[in-house]
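To start, the structure itself, in structure tokens.
Chain letters run A, B, ... following the sequence lines, proteins first and then strands; every chain starts at 1.
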Protein chains: 2
Amino acid sequence: MRIGQLAQLVGVETQTIRFYEQQGLLPPPDRQDNGYRVYTEKHGEGLAFIRRCRILGLSLAEIHELQSYQDDPHQPCTAVNALLDDHISHVRSQITALQALEKQLVSLRASCNDDREVEACGVLAGISEGNMHQ
Amino acid sequence: MRIGQLAQLVGVETQTIRFYEQQGLLPPPDRQDNGYRVYTEKHGEGLAFIRRCRILGLSLAEIHELQSYQDDPHQPCTAVNALLDDHISHVRSQITALQALEKQLVSLRASCNDDREVEACGVLAGISEGNMHQ
DNA sequence: ATTGACCTTATAGTAGCTTTATAGTTTAAA
DNA sequence: TTTAAACTATAAAGCTACTATAAGGTCAAT
Ligand SMILES: [Zn+2]
Ligand SMILES: [Zn+2]
Ligand SMILES: [Zn+2]
Ligand SMILES: [Zn+2]
């Protein structure tokens, strides 16, 4: 299977596959005589794994870490679970931060109606005056 | 006032100030004979404005846009308010996406306790099998 | 023989800085 | 007075996870 077919199968762009190979996330495939990459089913599974991790918001470094655990399957899986726990708490703190931000933005927006000049805009004034409780 | 003092005053790094100048967000200050930048209070206010916008999650492009409105203070402020509305809805959709992600991650995590080998880890199995309702 | 679809590598761009490298200037201590 | 610390300058690279572009080689069909 060549790179285009693999790309279509998994739903990524060919450049992305080459990028993952370059980053050490996907093992370098064999080459045809003309230099074309030839992929196996295993590559397909590996690529799908990477993509599902990305959908879960894992960084390439975290994926790399998971792969290193997969390479040593008789270790206890505490490290895997811990990685996910860390990721969950990271996501949660992002949510918390964004919710606080939303509150701030909404209150800022409430300080202006649409019938003013820029000079008197409550939004700009609110930012400029810096009444921001961090 | 030199760049280091301004940086300390506003709480940014000197490189960040030079970066904003280069990006056209901060007007180029006068220079001493030795080439050192000399800042005024206006620069301090401008920099503080940028920083508060950044804290509100606005992009440099959005800040640039706000600055262009400030330069024309007798326009109606509808564009300012619209910019903020857009930003708020952007933040809200981020929150929604992250909340869905958190749910997915938590359910994935629940599929493993800590007493397994990597081979049998519920988390890794969950990712590999791809039972992900997008 | 030439078109078109596919493949190759290398390089640059995205956002918002941060880091590094290299060098010149000012200020204070020894 | 010398010298070292602290400050300034520019330019360029690094960060993340790709995406896009350029310039070219390969292959099947027309
Ligand atoms: Zn993470
Ligand atoms: Zn307004
Ligand atoms: Zn925005
Ligand atoms: Zn586990």
Side-chain angles (χ1 to χ4, degrees), chain A residues 1-26 28-39 43 46-67 83 86-87 90-91 94 97-98 101, chain B residues 1-26 28-39 43 46-67 83 86-87 90-91 94 97-98 101:
Chain A
M1 156 186 263
R2 294 190 314 196
I3 198 168
Q5 298 171 270
L6 178 61
Q8 200 174 9
L9 186 68
V10 181
V12 299
E13 308 238 358
T14 56
Q15 300 102 315
T16 306
I17 296 175
R18 294 192 196 100
F19 173 72
Y20 288 154
E21 178 184 337
Q22 185 198 327
Q23 297 301 113
L25 291 168
L26 213 49
D30 287 342
R31 301 286 185 127
Q32 290 178 344
D33 291 347
N34 56 17
Y36 288 14
R37 292 172 174 81
V38 186
Y39 291 98
H43 287 100
L47 181 54
F49 179 83
I50 294 171
R51 285 274 90 194
R52 284 191 291 260
C53 287
R54 292 294 299 130
I55 287 168
L56 293 172
L58 296 170
S59 69
L60 299 192
E62 286 168 325
I63 297 170
H64 207 81
E65 204 179 326
L66 285 183
Q67 289 177 333
L83 189 154
D86 282 358
H87 189 62
H90 181 220
V91 169
Q94 272 185 262
L98 284 173
L101 182 56
Chain B
M1 154 187 266
R2 295 192 312 195
I3 198 169
Q5 300 170 270
L6 177 61
Q8 199 174 12
L9 187 68
V10 180
V12 299
E13 308 240 356
T14 56
Q15 300 101 315
T16 305
I17 297 174
R18 293 191 198 100
F19 173 73
Y20 287 153
E21 177 184 338
Q22 185 198 327
Q23 299 301 114
L25 292 168
L26 213 49
D30 288 341
R31 302 282 187 130
Q32 291 178 349
D33 292 346
N34 56 17
Y36 287 15
R37 292 172 176 81
V38 186
Y39 291 99
H43 287 100
L47 182 54
F49 180 83
I50 295 170
R51 285 274 91 196
R52 285 191 290 260
C53 287
R54 293 292 300 131
I55 288 168
L56 293 173
L58 296 171
S59 68
L60 299 193
E62 287 168 325
I63 296 170
H64 207 80
E65 204 180 326
L66 285 183
Q67 289 177 335
L83 190 154
D86 283 357
H87 189 63
H90 181 221
V91 168
Q94 273 186 264
L98 284 173
L101 182 57

Spacing between L26(B) atom CG and dC17(C) atom P, to the nearest angstrom | 12 Å

Counting only N and O atoms by type, is there a donor-acceptor contact under 3.5 Å from the side chain of H87(B) to the main-chain atoms of E62(B)?
-> no

Which nucleotide, dT8(C), dT8(D), dA20(D), lies nearest any side-chain atom of Q15(A)?
-> dA20(D)

According to a strict under-4.0 Å criterion, is R2(B) in side-chain N/O contact with OP1 or OP2 of dA6(D)?
-> no

Taking atom P of dT8(D) as reference, at what distance in whole Å does atom CD of Q8(B) sit?
-> 10 Å

Does N34(B) make a side-chain N or O approach to OP1 or OP2 of dG24(C) shorter than 4.0 Å?
-> no

Over all atoms of both residues, closest heavy-atom pair of I63(B) and L25(B) = CG2-CD2, 4.0 Å

For dG16(C), take OP1 and OP2 only and decide whether either is under 4.0 Å from a side-chain N or O of Y20(B).
-> no

Describe the nucleic acid contact of R18(A) in one word from base, sugar-phosphate, nothing, applying a heavy-atom distance below 4.0 Å.
-> base

In whole angstrom, what separates E21(B)'s CD from dT8(D)'s P?
-> 14 Å

Is there a donor-acceptor contact under 3.5 Å from the side chain of Q5(B) to the main chain of R2(B)?
-> yes

side-chain N/O R37(B) vs dT8(D) OP1/OP2, d < 4.0 Å = no

On DNA chain C, nearest-nucleotide positions of G35(A) versus A61(B): which is more 5'?
-> G35(A)

Grab the CG-C1' distance between D30(B) and dT8(D) for me, whole Å please.
-> 17 Å

Side chain of S59(A) (C-beta onward), nearest among dC7(C), dT8(D), dA17(D) = dA17(D)

Atom-pair distance (CG on D33(B); P on dT25(C)), nearest Å = 12 Å

OP1 or OP2 of dA17(D) less than 4.0 angstrom from a side-chain nitrogen or oxygen of T16(A), does that happen here?
-> no

Considering just the side-chain nitrogens and oxygens of R54(A), establish if one lies under 4.0 Å of OP1 or OP2 belonging to dC18(D).
-> yes

Which heavy atom of L60(B) sits nearest a heavy atom of F19(B), and at what distance?
-> CD1-CE2, 3.8 Å

Does a distance-only test, which skips hydrogens and angles, find a donor-acceptor pair under 3.5 Å between the side chain of Y36(A) and the base of dG25(D)?
-> yes

Between atom CD in E13(B) and atom P in dC7(D), what is the gap in whole Å?
-> 13 Å

Is there a donor-acceptor pair closer than 3.5 Å between any side-chain N or O of H43(A) and the backbone N or O of M1(A)?
-> no

Starting at atom CG of L47(A), determine the distance to atom P of dC18(D), rounded to an integer number of angstrom.
-> 11 Å

Mind calculating the distance between CZ (R31(B)) and P (dC7(D)) to the nearest angstrom?
-> 19 Å

